[in-house]
Protein chains: 2
Amino acid sequence: MEYNDKQTAIIDIAERLFSVSGFDGTSVRDIANEAGVNVAMISYYFGSKEKLMEAVFEHKSNKMRLKVENLIQDTEMTPIQKIYLLIDEYVEKFLDQKNFHMIMMREQLTDKRTPVSELILELKRRNLESVRMLIHDGQKKGVFKKNIDISMMMGTLIGTVSQMVLSQPFYRKVHGMEELGEQEFRSHIRKKLSIHLKKLFKALLTNEA
Amino acid sequence: MEYNDKQTAIIDIAERLFSVSGFDGTSVRDIANEAGVNVAMISYYFGSKEKLMEAVFEHKSNKMRLKVENLIQDTEMTPIQKIYLLIDEYVEKFLDQKNFHMIMMREQLTDKRTPVSELILELKRRNLESVRMLIHDGQKKGVFKKNIDISMMMGTLIGTVSQMVLSQPFYRKVHGMEELGEQEFRSHIRKKLSIHLKKLFKALLTNEA
DNA sequence: TAAAACTAAACAAACGTTTAATTAAATTTA
DNA sequence: TAAATTTAATTAAACGTTTGTTTAGTTTTA
């Protein structure tokens with residue numbers, strides 16, 4: 001779907017507000033005011049608030065899709081190097097697309113089946129499949145262990161990153177980083193997560209010390 | 001605070017609805033209807049919808065508090081055994097108090113400062129302190145490594161469990177468990193999580209293979 | 001001049017909360 | 001103990017806002 005400037009403005013604002021206040025906690029008037037458009041424009045352009053949410057999701061979700069196609073075919077890198085790259089891509093994406101990530105979490109918390117929740121399942125299924133191929137490749141080459149619980153592994157990858165995003169205020173308080181700017185803090189967490197997760201996955205996947 | 005039967009009924013229903021539909025997605029009429037009381041009773045007993053949320057949190061939060069006081073003083077168990085017990089307690093608590101856990105996640109997703117968000121910070125601070133003492137004890141005894149990032153470690157512990165709770169529908173679909181009962185599925189995930197996290201933490205904390 | 005973009009106003013429904021009246025329980029008085 | 005009185009529990013209805021959406025009219029663009 002192609003959107004004009006005003007439509008993308010609405011989508012951008014909606015993403016932020018849905019992320020921070022939730023779907024029910026955000027009114028179409030909030031969105032319209034912040035986007036600088038008339039309330040009626042949202043129904044006019046998107047049909048309804050629900051449809052706007054779907055538009056937000058469809059328009060932003062491609063940025064959350066892993067790009068590992070060429071990674072798999074690459075013959076220069078070792079399997080563990082590929083996993084390291086994958087970890088950094090996940091960390092990068094989740095911190096970069098924080099608002100979208102939070103919308104996904106919110107959506108998964110509810111039990112209602114919506115078009116959006118179907119899109120989330122599809123997105124996760126595709127990403128899981130990419131990772132599975134990377135792992136199997138490493139196993140075929142004899143570098144990775146045989147008994148790897150990929151679902152749990154993904155749970156740890158996504159879960160750890162999500163948790164650090166979620167508990168940002170707590171982390172700042174504990175580490176005396178309350179005054180640190182958002183960019184600096186994000187860079188700090190990015191490094192910490194990268195080191196931590198690589199250590200974890202090396203132990204989980206390989207037999208090396 | 002002491003509550004009578006009708007009040008605890010309201011709190012129980014509210015916990016479930018807030019968990020599944022969110023604070024803004026749940027109306028006081030929904031709660032009143034499901035609890036079988038008049039709408040006005042909620043204001044009468046709790047003052048407001050916000051205050052009801054606080055009551056839910058205060059009344060349920062003690063079940064999420066770690067009980068490690070005697071664990072620390074115990075001299076029979078090895079440090080790693082204590083960590084294993086801690087992991088099982090976390091897994092148990094999070095799966096058992098799923099609704100409360102989801103409310104906590106939801107609350108952490110919003111950036112508004114409420115009395116509830118303050119209570120969450122305090123709960124997390126206390127739990128972190130308990131774990132920190134367990135780790136330091138193991139380090140003093142020379143069993144655990146020196147350079148352990150406790151915040152990241154906790155992020156992985158809580159994050160992994162949270163993620164498995166969150167992505168339950170996805171997990172069921174991937175593993176063909178869509179028809180499995182809630183109890184059976186919970187038991188399945190409990191075991192998987194326990195094994196996975198213990199493996200992870202052993203690698204993270206000790207130098208053993 | 002026809003189509004698209006945009007606006008202010010109005011719409012009914014749902015929201016959290018309050019009110020005023022009634023019933024039930026507890027306490028005091030005779 | 002029985003009646004009288006006070007307090008607490010409960011109700012249906014109403015309150016004023018806010019909600020998402022629609023309408024009918026106006027301005028802009030093609």
Side-chain angles (χ1 to χ4, degrees), chain A residues 1-59 103 106-107 110-117, chain B residues 1-59 103 106-107 109-110 112-117:
Chain A
M1 189 55 88
E2 303 274 312
Y3 297 115
N4 61 38
D5 289 1
K6 202 156 277 186
Q7 286 171 316
T8 39
I10 293 172
I11 288 180
D12 288 343
I13 298 287
E15 181 192 36
R16 205 188 75 237
L17 294 185
F18 285 156
S19 159
V20 170
S21 308
F23 182 79
D24 295 311
T26 305
S27 74
V28 291
R29 281 171 179 83
D30 291 340
I31 299 169
N33 286 340
E34 291 217 34
V37 302
N38 189 284
V39 221
M41 292 309 288
I42 284 165
S43 294
Y44 179 70
Y45 274 136
F46 300 97
S48 69
K49 191 186 175 187
E50 292 270 2
K51 293 269 185 61
L52 169 58
M53 172 60 118
E54 292 175 37
V56 169
F57 202 88
E58 293 203 23
H59 191 250
I103 290 178
R106 268 226 164 75
E107 206 64 21
T110 74
D111 57 355
K112 65 176 175 196
R113 285 292 195 104
T114 65
V116 171
S117 62
Chain B
M1 187 56 87
E2 304 273 313
Y3 296 115
N4 62 39
D5 288 1
K6 202 156 278 188
Q7 286 169 318
T8 40
I10 292 173
I11 288 180
D12 287 344
I13 298 287
E15 181 192 36
R16 205 188 74 236
L17 294 185
F18 285 156
S19 159
V20 170
S21 307
F23 182 79
D24 295 313
T26 305
S27 74
V28 292
R29 282 173 179 83
D30 291 339
I31 300 169
N33 286 340
E34 291 218 30
V37 301
N38 189 283
V39 218
M41 294 305 290
I42 283 165
S43 296
Y44 178 72
Y45 274 135
F46 299 97
S48 68
K49 191 187 175 186
E50 291 269 2
K51 293 269 185 61
L52 170 59
M53 172 59 119
E54 292 174 37
V56 169
F57 203 89
E58 293 203 21
H59 191 249
I103 290 179
R106 267 228 165 73
E107 206 64 21
L109 278 169
T110 75
K112 66 176 175 195
R113 287 289 197 106
T114 64
V116 170
S117 62

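Letters A, B, ... mirror the listed sequences (proteins, then strands); counts begin at 1. Atom set for the values below is all heavy atoms of this structure, side chains included, hydrogens, waters and symmetry mates excluded.
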Worksheet item: What is the distance from NZ of Lys6(B) to C1' of dA8(D), rounded to the nearest Å?
Response: 13 Å
Worksheet, complete the sentence: Heavy-atom nearest pair, Ala32(B) first then Ile42(B), reads N-CD1, 4.0 Å
Look for any protein N or O under 3.5 Å of an N or O in nucleotides 11-16 of chain C and output each such pair with its distance, or none.
residue, atom, partner, partner atom, Å
dG16(C), OP1, Thr26(B), O, 3.4
dG16(C), OP1, Lys49(B), NZ, 2.7
dG16(C), OP2, Val28(B), N, 2.9
dG16(C), N7, Arg29(B), NH1, 2.7
dG16(C), O6, Arg29(B), NH2, 2.9

Item to complete: Whole angstrom is fine here: how far is it from CE in Met41(A) over to P in dT27(D)?
Response: 16 Å
Worksheet item: At under 4.0 Å, does any side-chain N or O of Tyr44(A) touch on OP1 or OP2 of dC6(C)?
Response: no
Worksheet item: So what is the end-to-end bend of the helix from dT1(C)-dA30(D) to dA30(C)-dT1(D), with 5 pairs used at each end and the value given to 10 degrees?
Response: 10°
Practice prompt. Drop me the distance from Met41(B)'s CE to Gln7(B)'s CD, to the nearest 0.5 angstrom.
Written response: 8.0 Å
Discussion item. As an exercise, state the distance from CG of Leu17(B) to CG of Asn33(B), rounded to the nearest 0.5 Å.
Written reply: 10.0 Å
Worksheet item: Closer to the 5' end of DNA chain D via nearest nucleotide, is it Val39(B) or Asn4(B)?
Response: Asn4(B)
Worksheet item: Out of dA5(C), dA8(C), dT11(D), which has the shortest distance to the side chain of Ala40(A)?
Response: dA8(C)
Worksheet, complete the sentence: To the nearest 0.5 Å, atom CD of Glu107(B) lies from atom CZ of Phe18(B) at 10.0 Å
Worksheet item: What closest approach, in Å, do Asp24(B) and Lys49(B) show between heavy atoms, and which atom pair accounts for it?
Response: CA-NZ, 4.3 Å
Item to complete: Let me see the working for Leu52(B) and Ile31(B) under side-chain contact (heavy atoms from CB on, under 4.5 Å), right down to the final yes or no.
Response: CA-CA 11 Å; Leu52(B) 170 59; Ile31(B) 300 169; 3.9 Å; yes
Worksheet item: Can you name the closest pair of heavy atoms from His59(B) and Tyr3(B) and give their distance?
Response: CD2-CD1, 3.8 Å
Item to complete: Side-chain contact test, heavy atoms from C-beta onward, threshold under 4.5 Å: evaluate it for Glu34(A) versus Arg16(A) and give yes or no.
Response: yes
Worksheet entry | Distance in angstrom units between Tyr3(A) OH and dA5(C) P, rounded | 14 Å
Worksheet item: Whole Å only: how far is the CD1 atom of Ile31(A) from the C1' atom of dT18(D)?
Response: 15 Å
Worksheet item: Roughly, in whole Å, what's the span from CG in Asp5(B) to P in dA25(C)?
Response: 14 Å
Worksheet item: Out of curiosity, Ile10(A) CD1 to Asp5(A) CG, how far, rounded to the nearest 0.5 Å?
Response: 11.5 Å
Item to complete: Kindly compute the distance separating CG (Asn38(B)) from CZ (Arg29(B)), expressed to the nearest 0.5 Å.
Response: 10.0 Å
Item to complete: Could you state the atom-to-atom distance from CG of Asn33(A) to P of dA8(C) in whole Å?
Response: 11 Å
Worksheet, complete the sentence: The answer to which of Asn38(B) and Tyr45(A) contacts DNA chain C further toward the 5' end, by nearest nucleotide, is Tyr45(A)
Show me the protein contacts with nucleotides 28-30 of chain D, counting only N or O atoms at under 3.5 Å.
none

Worksheet item: How many angstroms lie between atom CD of Glu58(B) and atom CE of Met53(B), to the nearest 0.5 angstrom?
Response: 12.5 Å
